[in-house]
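Have a look at the structure below, then the notes.
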Amino acid sequence: MTKFSYSLNATDGKARTGVISTPRGDIRTPAFMPVGTAATVKAMMPESVAATGADILLGNTYHLMLRPTAERIDRLGGLHKFMNWDKPILTDSGGFQVMSLAGLRKLTEKGVTFKSHIDGSSHELTPERSMEIQQLLGSDIVMCFDECPALPADKDRIAESMRLSMRWAQRSRDAFGDRPGHALFGIMQGGLEADLREESAQALREIGFDGYAVGGLAVGEGQEKMFDCLDYAPGFLPEDKPRYLMGVGKPDDIVGAVARGIDMMDCVLPSRSGRTGQVFTRNGVVNIKNARHADDPRPLDEACTCPACSNYSRAYLHHVFRSQEMISGMLLTWHNLHYFQELMQGMRDAISEGRFAEFEKTFHETRAQGDI
Ligand SMILES: CNc1nc2cc3c(=O)[nH]c(N)nc3c(CC[C@H]3O[C@@H](OC)[C@H](OC)[C@@H]3OC)c2[nH]1
Ligand SMILES: [Zn+2]
């Protein structure tokens, strides 16, 4: 049985490329992980998600515990079988969504009680329950149950929240037990405070995890403050384990995070934008609903090989978006996920060949500012 392992194959400055091996397949890093919150990457068949080059996708404890429940997914053979995805799945622990989606929340040392945003029913999430849910789902990479404080917040609040998350990390580790082939990732907190980030990293290293996430970012602090934090935070984490930046991001966020030593990222942006008509290309962003595309026979991106760019004009994509046809979300989501995966492949190649600085320079030069 393949264990869970990470091999670092090349570095270029702080940028790294490697492979995470799991019993369900390898994950090439740096990796972008599409978000499949409710057991589906919206508007995509699983085989299409695989065709874009994704090695792993995300599921979510909060959504799946409410509907259809983790116990039902377990009875039906686990999340991989349920959603017809046999490659690795990473699941978030639920704490972040409780704070951003649920109603009537009560936070104590034990965990969080809350009312479902779907039907108002009462629920409780603790480190132990989160581990149980993620095990019932059959997740390959499990995230610790943590608290992600909204920014801006004063330093005392950030410190108190981080220390609670570290106590919850220990309880998550204890509840996870010994599960060969499955990984548990710790989540570093500490806001934008370097001393608290270092304290959090030290606490996680003492507990010991298969990978480490930089949490508590992409919560409204803005790119500049996020990059300032990423200039030091990844360096507090073990070099021989994957580093996962949660919830990031736009293409230029992703390139900047990889340049600062991040190996894994996730974001709803490519899929959510696919449904709202925002299209990411190497030359910049296309807002397909704009009238200027109504008669344009060209593809979104001449150089892109995805089904949308290979077979359809901007004029067609403009028409089906305006008409709110389902094929619009399907084609634009496919293109966006294809583009994000091409960006990751470009960075993996550039790091392997020692030309990441040049890649980053070209990336910024070819992207026009504003809509194209
Ligand atoms: C957008 N900015 C952003 N900053 C975040 C910070 C944290 C954090 O500190 N701790 C935890 N536990 N989760 C975080 C998350 C949620 C990611 C999940 O959110 C879901 O996407 C909506 C997806 O669930 C399939 C994903 O799963 C890992 C963040 N998202
Ligand atoms: Zn395309």
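Everything numeric in this text was worked out from a predicted model, so none of it was measured. Both counts, for ligands and for their atoms, begin at 1 and track the order of listing.
- At least one side-chain heavy atom of Leu332 sits less than 4.5 Å from a side-chain heavy atom of Leu300.
- A donor atom on one side chain and an acceptor atom on the other are not found under 3.5 Å apart for Ser328 and Gln324.
- Contact annotation for Val248 and ligand 1: no heavy atom of the residue comes within less than 4.0 Å of the ligand.
- Listed by number with element, the atoms of ligand 1 under 4.0 angstrom from any heavy atom of Gly247 are 1 (C), 2 (N), 3 (C), 30 (N).
- In terms of protein heavy-atom proximity, atom 4 (N) of ligand 1 is closest to Leu217 O, 2.7 Å.
- When heavy-atom distances to ligand 1 are checked against a 4.0 Å cut-off, Gln189 comes that close only through its side chain, counted from C-beta outward.
- Residues Tyr244 and Tyr212 place their aromatic rings such that the two centres sit no closer than 6.0 Å.
- A donor and an acceptor atom, one from each side chain of His117 and Tyr62, are located under 3.5 Å apart.
- A heavy-atom distance below 4.5 Å is found between the side chains of His335 and Cys304.
- Each of the following atoms of ligand 1 lies closer than 4.0 Å to a heavy atom of Tyr244: 28 (C).
- Residue-ligand proximity, Asp266 to ligand 1, at heavy-atom distances under 4.0 Å covers atoms 26 (C).
- Defined by atom type and a distance below 3.5 Å, a donor-acceptor pair is present between the side-chain atoms of Asp146 and Gln189.
- Close N/O approach between Gly36 and ligand 1 is not found [any backbone or side-chain N/O within under 3.5 Å].
- At a 4.0 Å heavy-atom cut-off, ligand 1 touches Ser93 through the side chain alone.
- The side-chain tip of Arg282 does not point at the ring of Phe363 from less than 6.0 angstrom away and within 45° of straight on.
- For Glu365 and Lys361, the salt-bridge test passes: some basic side-chain N is under 4.0 Å from an acidic carboxylate O.
- Among the atoms of Ala218, some N or O lies under 3.5 angstrom from an N or O of ligand 1.
- Between Val279 and Ser273 the shortest side-chain heavy-atom distance does not fall below 4.5 Å.
- If you number the atoms of ligand 1 from 1 as listed, the ones under 4.0 Å from a heavy atom of Asp146 come out as 8 (C), 9 (O), 10 (N), 11 (C), 12 (N).
- If you check the side chains of Gln341 and Gln345, you find no donor sitting under 3.5 Å from an acceptor.
- Close approach of ligand 1 to Gly216 is summarised as follows: ligand atoms under 4.0 Å from at least one heavy atom of the residue are 6 (C), 8 (C), 9 (O).
- Side chains of Glu147 and Ser165: no donor on one and acceptor on the other come within 3.5 Å.
- Atoms of ligand 1 lying under 4.0 Å from at least one heavy atom of Gly59, given by number and element, are 25 (C).
- Assignment of Met246 to the shell around ligand 1 is supported, since a heavy atom sits closer than 4.0 Å.
- Checked by atom type, the side-chain pair Gln170/Arg167 shows no donor-acceptor distance below 3.5 Å.
- Taking every heavy atom of Gln97 and a limit of under 4.0 angstrom, the matching atoms of ligand 1 come to 16 (C), 18 (C), 19 (O), 20 (C).
- Across Val268, Asn60, Ile187, Leu64, heavy-atom proximity to atom 23 (C) of ligand 1 is greatest for Asn60.
- Nearest protein heavy-atom contact of atom 13 (N) of ligand 1 is Asp92 OD2, 2.9 Å.
- The distance cut-off of 2.8 Å around the Zn ion (ligand 2) captures these protein N, O or S atoms, sorted by chain and number: Cys304 SG, Cys306 SG, Cys309 SG, His335 ND1.
- Checking Glu124 against Thr113 by side-chain atom types alone, no donor-acceptor pair falls below 3.5 Å.
- Side-chain polar atoms of Ser122 and Lys115 form a donor-acceptor pair below 3.5 angstrom.
- Nearest non-hydrogen protein atom to atom 7 (C) of ligand 1 is Phe96 CD1, 3.6 Å.
- Listed by number with element, the atoms of ligand 1 under 4.0 Å from a non-hydrogen atom of Val35 are 21 (O), 23 (C), 25 (C).
- Each of Asp55, Asp86, Asp140 was evaluated against Arg24; a single residue qualifies, Asp140, per the side-chain hydrogen bond (donor to acceptor under 3.5 Å, both in side chains) test.
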